[in-house]
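Down below is the structure, laid out as structure tokens.
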Amino acid sequence: MKTFIASLTLLLCSSVAFTQQPAATTRTAIHAGHLLDVKTGKMLDNVYVTIENGKIAKITSSPDQKSHVAFEPSTQVIELPNATLVPGLIDAHTHLTFDPNFGYQELGISVPKEALTGAKNARITLEAGFTTVRNVGARGYTDIALRDAINEGMLPGPRIQASGPALSITGGHCDNNLLPFEYHSTAEGVADGIEHVQQKVLEIIKYGADVIKVCATGGVLSKGDDPRASQYTLEEMKAIVADAHRLGRKVAAHAHGAQGIAWAAEAGVDSIEHGSYIDENAIKIMKEHGTYLVPTQYLGDWMQENAVKIGLPPMYSEKMKTVSTAMRQNVTKAIQGGVKIAFGTDAAVYPHGLNAHEFAVYVKLGMTPLQAIQTATVNAADLLGWSDRIGSLDEGKFADIVAVNGDPTKDVTLLQNPVMVMKGGVVYKQAAH
Ligand SMILES: [Zn+2]
């Protein structure tokens, strides 16, 4: 019994040490050179942000650089005279529990190992300035466990909306197609036909999903399927969306082929992931339904440089080449055609922490730097249904704040090197001055 009490005490003590929540009375303030209002593009100068209980209590700005706000001595003031503050960034397409392992390498990774991988990548992602992610696909509900562990203060990481396993047809992009028949290997999210997809949506929600991920078409990093081919039917996707929306969950659809994109948008999904072969018709239907596109563009660049080095299996690399080329042209058309864009990377296909490289690609495809920043702030917050708490630096919202040295509306690559990352009023990264 004594040992039990001793270990319990140890457990309690260590959990206090690891808990990074501020005490209720803690007051923090940031004094920064500039703050970007991402909604309007207006830059505020000489800014004081006061933080109470993890939220932004007050923002004051005075163009007179000499004017200083006096705080009570107990207030901790973070001085960032050269920095621009932007809202904590949001990545609407991550797989925190995966690392870049492809093909038969994946089969050697257990579910517990996947959970530990998630803990590692959650910290990396947060320190890269991403204070919120939507995690769309994981095995063994490891993403749900990761979300809960972070929320309980067990380990550092971003706020997470997690999907659990992705719905897939038998043999589809999100099934496991690597092993021959005698292994009877089936991924957790496999369901065919209206009745079964309905049951699967309920099961996934039962085990804690915030959002439903569905693989509407074939994919690139999967064996034996065609990215252009539709996998779920319009009727199946309508059934998935109806159940998810009734239970207050949004739906994200992995879709490359034009028909699958159009059907998913018509069925009412909230976002199309990738969108590689999007055409005029699909653009029109997405605009009519207000469907977001999550373009995941940087992965094409990274793969072009690294596919050989990492030994991407030929069954994937051929598809990657074809899809990436088509994707650039078609996604550019979608952006120029006025489809709503939310920032998403598919980090895990390349190493976590490089998420912010996505911004520069959006600018290359025709966005202004401000528009690119909006995809990862106001737009992504809207897609997640969290506009009331994240996505802009406003009084009453979470103190999720990233600081970069310089003006990111002139150079979006500055977002690749945040000098400070704060989530819920707690500093997780601060570069030495
Ligand atoms: Zn993905």
Side-chain angles (χ1 to χ4, degrees), residues 90-103 106 109 114 117-118 121-122 125 130 132-140 142-143 146 158 160-169 172-177 187-190 204 209-223 225 227 231-232 250-257 260-261 264 269-278 292-303 312 316 319-320 323-324 327 331 341-355 357-358 361 375-376 380 383-384:
I90 305 163
D91 188 334
H93 192 126
T94 64
H95 301 277
L96 293 180
T97 66
F98 301 156
D99 268 338
N101 294 298
F102 303 102
E106 294 172 47
I109 300 164
E114 191 177 318
T117 303
N121 292 331
T125 303
F130 289 81
T132 302
V133 303
R134 193 179 63 157
N135 204 78
V136 281
R139 292 185 308 147
T142 45
D143 54 343
L146 181 62
I160 299 179
Q161 277 193 9
S163 74
L167 271 92
S168 173
I169 63 161
H173 173 60
C174 297
D175 192 2
N176 182 352
N177 308 323
E188 297 149 0
V190 170
I204 292 170
D210 306 296
V211 55
I212 294 298
K213 165 86 180 287
V214 49
C215 290
T217 73
V220 176
L221 300 169
S222 47
K223 188 182 170 187
D225 63 339
Q231 294 191 338
Y232 275 120
K250 297 206 178 198
V251 181
H254 157 105
H256 290 287
I261 296 169
V269 305
D270 300 278
S271 64
I272 298 291
E273 314 298 303
H274 318 303
S276 309
Y277 292 96
I278 190 166
Y292 272 99
L293 174 64
V294 179
T296 66
Q297 288 294 302
Y298 175 65
L299 79 87
D301 294 1
W302 190 87
M303 272 296 172
L312 193 67
Y316 298 165
K319 285 202 270 185
M320 182 63 80
V323 170
S324 296
M327 192 181 202
V331 167
I341 308 288
F343 183 103
T345 63
D346 220 355
V349 173
Y350 57 81
H352 294 269
L354 301 180
N355 314 54
H357 286 247
E358 184 84 9
V361 190
T375 66
L383 170 59
L384 270 61

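Fair warning: this is a prediction, and the values are worked out from it, not measured in the lab. All ligand and atom numbering here is 1-based and tracks the order in the structure.
Metal site remark for the Zn ion (ligand 1): Glu273 contributes no N, O or S atom at a distance under 2.8 Å. Here His95 meets the criterion, with an N, O or S atom under 2.8 Å of the Zn ion (ligand 1). Within the coordination shell of the Zn ion (ligand 1), defined by N, O or S atoms under 2.8 Å, His93 is present.
Here Ile160 contributes atom CD1 and Arg134 contributes atom CZ; the two are 13.5 Å apart, rounded to the nearest 0.5 Å.
Restricting Asp346 to its N/O/S atoms, the shortest distance to the Zn ion (ligand 1) is reached by OD1.
Classification of the Tyr298-Tyr350 ring pair by plane angle, with boundaries at 30° and 60°, yields perpendicular. The aromatic rings of His95 and Phe98 sit parallel, their planes meeting at an angle under 30°, below the 60° perpendicular limit.
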message: Using the rule given for side chain to side chain contact (heavy atoms under 4.5 Å, CB included), can you reason through Asn135 versus Leu146, listing the C-alpha separation, both sets of side-chain angles and the distance that settles it, and then say yes or no?
response: CA-CA 10 Å; Asn135 204 78; Leu146 181 62; over 6 Å; no

